[in-house]
Amino acid sequence: MTTIPSRLARVTASSGSWPVAQARSRALYRLWYRAAPEIVQLYAVNFPASAIRAKVRQEYERNRLVDDLETVDVLLLKGFQDYQETVNCWKMESQLMRWFSKEELPARPDTFLESFYASRDDGKEVQPTA
């Protein structure tokens with residue numbers, strides 16, 4: 001596949017008002033939503049396009065309560081950059097899989113003792129060296 005860097009390039013823009021920012025946000029969401037099957041095909045991953053769509057929705061929900069227009073513009077810029085890198089296949093598969101690593105990893109211990117207990121090998125017996 002030939003990569004055309006300018007194919008998905010966007011000019012950096014700042015939103016003058018909330019309706020403009022919301023329209024840009026919806027446009028970015030639609031781009032991600034429509035590109036999900038292509039992303040699955042490009043990276044040959046073993047999960048459906050609906051998983052990518054759910055992850056994009058989760059990211060949108062995580063940033064739902066951002067109320068600063070400049071912060072929304074930065075998030076949109078990063079979203080468009082991430083979209084361009086993903087669809088142009090500039091990411092490695094491990095970078096794409098990092099999106100889903102939080103669901104797959106076990107919960108991280110909160111306290112020192114929990115982490116200490118989790119690191120112990122209780123199932124293994126200590127064998128004498130001599």
Side-chain angles (χ1 to χ4, degrees):
M1 176 181 164
T2 304
T3 302
I4 304 169
S6 62
R7 176 172 73 116
L8 300 169
R10 298 260 179 170
V11 177
T12 304
S14 40
S15 306
S17 64
W18 279 106
V20 173
Q22 289 171 343
R24 290 178 59 213
S25 178
R26 282 190 303 270
L28 178 61
Y29 184 80
R30 285 186 190 118
L31 285 173
W32 275 108
Y33 195 86
R34 291 175 182 157
E38 182 182 355
I39 292 169
V40 169
Q41 183 182 9
L42 280 173
Y43 290 93
V45 291
N46 58 354
F47 49 81
S50 61
I52 293 178
R53 289 176 176 146
K55 183 52 95 170
V56 169
R57 184 70 197 164
Q58 182 181 3
E59 289 297 314
Y60 267 77
E61 289 295 325
R62 188 171 64 100
N63 295 316
R64 182 181 203 171
L65 300 176
V66 175
D67 57 355
D68 183 27
L69 196 56
E70 293 173 0
T71 306
V72 171
D73 285 339
V74 170
L75 289 171
L76 287 171
L77 170 69
K78 288 183 179 184
F80 277 117
Q81 286 176 345
D82 200 27
Y83 172 75
Q84 182 182 14
E85 291 170 4
T86 304
V87 175
N88 275 337
C89 211
W90 293 342
K91 284 186 176 187
M92 297 177 70
E93 185 178 345
S94 62
Q95 292 172 313
L96 184 69
M97 296 304 288
R98 197 173 303 149
W99 282 352
F100 301 96
S101 66
K102 292 177 184 172
E103 290 87 14
E104 297 171 3
L105 293 176
R108 192 171 184 183
D110 292 333
T111 64
F112 171 76
L113 283 178
E114 288 176 1
S115 62
F116 177 74
Y117 294 144
S119 68
R120 295 191 61 194
D121 295 328
D122 289 333
K124 296 181 181 177
E125 294 182 21
V126 177
Q127 301 293 328
T129 56

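Put simply, CD1 on Ile39 and SG on Cys89 are 10.0 Å apart, with the number rounded to the nearest 0.5 Å. Summarising the geometry, atom CG belonging to Asp67 is positioned 6.5 Å from atom CH2 belonging to Trp18; distances are rounded to the nearest 0.5 Å. Note that CD of Gln84 and CD of Gln81 are 8.0 Å apart. Values are rounded to the nearest 0.5 Å. In this structure, the separation between CD on Glu93 and CZ on Arg98 is 12.5 Å, given to the nearest 0.5 Å.
Partner of Trp90 under the side-chain contact (heavy atoms from CB on, under 4.5 Å) criterion, out of Thr86, Val87, Asn88: Asn88 alone.
Every pair passing side-chain hydrogen bond (donor to acceptor under 3.5 Å, both in side chains) that includes a residue from residues 70-80 is listed here, sequence neighbours excluded: Ser15-Asp73, Arg24-Asp73, Asp68-Thr71.
Hydrophobic clustering (side-chain heavy atoms under 4.5 Å, transitive across Ile, Leu, Val, Met, Phe, Trp, Tyr) keeps Trp32 apart from Leu77. Cluster membership check: Leu28 does not share its hydrophobic cluster with Val74, using side-chain heavy-atom separations under 4.5 Å among Ile, Leu, Val, Met, Phe, Trp and Tyr. Following chains of ILVMFWY side-chain contacts shorter than 4.5 Å, one can reach Tyr29 starting from Leu69, so the two form part of one hydrophobic cluster.
Counting non-hydrogen atoms of other residues, nucleotides and ligands closer than 6.0 Å to OH of Tyr33 gives a total of 12 or fewer.
Checked by atom type and distance alone, the side chain of Ser25 never pairs as donor or acceptor with a backbone atom of Gln22 at under 3.5 Å.
Side-chain atoms of Ile52 and Tyr43, non-hydrogen and from C-beta on, never get closer than 4.5 Å to each other.
Residues meeting the salt bridge (charged side-chain N to carboxylate O under 4.0 Å, His left out) test with Arg57, sequence neighbours left out: Glu61. By the salt bridge (charged side-chain N to carboxylate O under 4.0 Å, His left out) test, Glu85 pairs with no residue at all, sequence neighbours left out.
Ring geometry for Phe47 versus Phe100: interplanar angle of 30 to 60°, hence tilted.
In terms of heavy atoms, Tyr83 sits closest to Ala35 at CE1-CB, 3.6 Å. Nearest heavy-atom pair, Ala21 versus Val72, reported as atom, atom and distance to 0.1 Å: CB-CG1, 4.1 Å.
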